[in-house]
Amino acid sequence: MSRGDLGIVEKGKNDLQTEADRSAQKCIIVSLSQQYPNLTIIGEEGNSNSEVPSDWVVTDCDQGVLAMQCPEEYVNVGLKDITVWVDPLDGTSEYAQGLLDHVTVLVGLAIKGKAVGGVIHQPYYNWLTDADKLGRTIWGLKGLGVGGFTPRAPPEGQLIITTTRSHSSPLVQEALDALKPDTVLRVGGAGHKVLLLLEGKAHAYVFASKGCKKWDTCAPEAVLAASGGKLTDIHGNLYTYEETVAHPNNQGVLATAAGIDHTSIINKIPQRIREALA
Ligand SMILES: Nc1ncnc2c1ncn2[C@@H]1O[C@H](COP(=O)(O)O)[C@@H](O)[C@H]1OP(=O)(O)O
Ligand SMILES: [Mg+2]
Ligand SMILES: [Mg+2]
Ligand SMILES: [Mg+2]
């Protein structure tokens, strides 16, 4: 970004990759693989086993998190049960347009195919308002809770929905119309939208479209679940995250904040949309 050249590569229609996506992925994958050899890690930007500068490699752990009691159900988990899903830069389209606070870095942890843990790092949080306090890191583990931030409930008596700003379609709009929201917040990134749910700025995240992939939803799903919320496909089914699963989330995304009735929102999705995303 500061070099003035993002190194953009077009991977497909409305699907960019920048040098930041490539570099962040190398940093995360090399760091995790050095600390945990043989860990299965799947990153959005393909294989990244290349050399990286030594000061990119993270060799320490968060002592505050390590000091916590590991929930009983994870004590005996083996390395082969774990799949880590890395989205090194979520919200690339917005990043390329300079909407930097839409960007997050997502690391999701699945055990036997279930999304149970995740980190959502927002590197440019506060960039326009308080540059001295730039960035924040939110993590969650089902059974333990959310750290780095205190979730807040969305306002009662209204429905605020967050959705895509750069990947809309007539079907996406039709789903929103059916839900009759008071307000629609169109922002970039799956991580950013789930942060809006955690912050109490939106009640639901609705994306009745293909396009998101497993690395977009694994960490957000786990952090949201750790806070009491829920992320599923448009039919209300959980995605699974085992190593062999297909990457695309072809049945869309529907997520709700803690305390919001997920099923009642699912039930308002018109049949026509369900069939289109069957
Ligand atoms: N059609 C698509 N092609 C590629 N990526 C998509 C598409 N739709 C959604 N995504 C990914 O899901 C994220 C959330 O979607 P949206 O911002 O449209 O709500 C996007 O930032 C992008 O992740 P990424 O930026 O990591 O490539
Ligand atoms: Mg991408
Ligand atoms: Mg993404
Ligand atoms: Mg990405």
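Computed from a prediction, not measured in an experiment: that's the story for all the values here. One-based numbering, in listed order, for ligands and for the atoms of each.
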Problem - Non-hydrogen atom of Leu89 closer than 4.0 Å to ligand 1 - result: yes

Practice task
First locate atom NZ of Lys114, then atom CG of Leu238, and finally report the distance between them rounded to the nearest 0.5 Å.
Solution key: 9.0 Å

Exercise for the section: Say whether Asp177 and Gln173, considering side chains only, have a donor N or O and an acceptor N or O under 3.5 Å apart. Expected result: yes

Problem - Minimum heavy-atom distance Tyr239-Lys214, with the two atoms named - result: CD2-NZ, 3.9 Å

Exercise for the section: Inspect the contact between Lys230 and Glu221 and indicate whether a charged nitrogen and a carboxylate oxygen are less than 4.0 angstrom apart. Expected result: no

Practice task
Give yes if a backbone or side-chain nitrogen or oxygen of Asp216 is under 3.5 Å from a nitrogen or oxygen of ligand 1, and no if not.
Solution key: yes

Handout entry: Residue-ligand contact Lys193/ligand 1, heavy atom below 4.0 Å
Key = yes

Completion exercise
When Gln17, Lys26, Gln25 are each screened for side-chain hydrogen bond (donor to acceptor under 3.5 Å, both in side chains) with Glu45, the one that passes is Gln17

Exercise for the section: Over all heavy atoms of both residues, which pair between Asp233 and Ile266 is shortest? Give the atoms and the distance, please. Expected result: O-CD1, 3.8 Å

Fill in the blank from the handout: the protein heavy atom lying closest to atom 6 (C) of ligand 1 turns out to be Gly211 O, 3.2 Å

Exercise for the section: Inspect the contact between Arg272 and Glu275 and indicate whether a charged nitrogen and a carboxylate oxygen are less than 4.0 angstrom apart. Expected result: no

Problem - Working for side-chain contact (heavy atoms from CB on, under 4.5 Å), residues Leu109 and Trp85 - result: CA-CA 6 Å; Leu109 186 132; Trp85 294 89; over 6 Å; no

Exercise for the section: May I ask you to check if ligand 1 and Asp87 share an N or O to N or O distance below 3.5 Å? Expected result: yes

Exercise for the section: Of all N, O or S atoms in Asp87, identify the one at the shortest distance from the Mg ion (ligand 4). Expected result: OD1

Practice task
Please determine if Asp90 has a nitrogen or oxygen closer than 3.5 Å to a nitrogen or oxygen of ligand 1.
Solution key: yes

Exercise for the section: Measure across Ala219 and Leu106 and return the closest heavy-atom pair with its distance rounded to 0.1 Å. Expected result: CB-CB, 4.1 Å

Practice task
Assess whether side-chain hydrogen bond (donor to acceptor under 3.5 Å, both in side chains) is satisfied between Thr256 and Tyr205, documenting all intermediate values.
Solution key: CA-CA 6 Å; Thr256 46; Tyr205 163 16; over 6 Å; no

Fill in the blank from the handout: OG1 of Thr217 to NZ of Lys193, rounded to nearest 0.5 Å, is 12.5 Å

Exercise for the section: Indicate yes or no: does an N/O atom of Gly188 lie under 3.5 Å from an N/O atom of ligand 1? Expected result: no

Completion exercise
Of Thr162, Asp15, Asn249, the residue with the heavy atom nearest atom 3 (N) of ligand 1 is Asp15

Handout entry: Nearest-neighbour protein heavy atom for atom 15 (O) of ligand 1, which is reported as residue plus atom name and distance
Key = His167 ND1, 4.0 Å

Exercise for the section: Could you tell me which N, O or S atom of Asp216 is nearest to the Mg ion (ligand 3)? Expected result: OD1

Fill in the blank from the handout: In ligand 1, the atoms that come under 4.0 Å of a heavy atom of Gly91 are 21 (O), 24 (P), 25 (O), 26 (O)

Handout entry: Interatomic spacing from CG in Asp132 to CG in Asp130 - rounded to 0.5 Å
Key = 5.5 Å

Handout entry: Heteroatom of Glu44 nearest to the Mg ion (ligand 4) (N, O or S, atom name)
Key = OE1

Practice task
Only heavy atoms count here, so choose which of Thr92, Thr164, Val187 is nearest to atom 16 (P) of ligand 1.
Solution key: Thr164

Problem - Which segment of Glu44 sits under 4.0 Å of ligand 1 when only heavy atoms are counted - result: side chain

Problem - Under-4.0 Å salt bridge between Lys213 and Glu44 - result: no

Handout entry: Any N, O or S atom of Asp21 closer than 2.8 Å to the Mg ion (ligand 4)
Key = no

Practice task
Please report which non-hydrogen protein atom sits nearest to atom 14 (C) of ligand 1, along with the residue it belongs to and the distance in Å to one decimal place.
Solution key: Ala190 N, 3.4 Å

Problem - Of all N/O/S atoms in Asp90, the name of the one nearest the Mg ion (ligand 3) - result: OD1

Exercise for the section: Answer with yes or no whether Gly189 contacts ligand 1, where contact means a heavy atom under 4.0 Å from a ligand atom. Expected result: yes

Practice task
Could you tell me whether Lys213 and ligand 1 have an N or O pair separated by under 3.5 Å?
Solution key: no

Handout entry: N/O/S from Leu89 sitting under 2.8 Å away from the Mg ion (ligand 4)
Key = yes

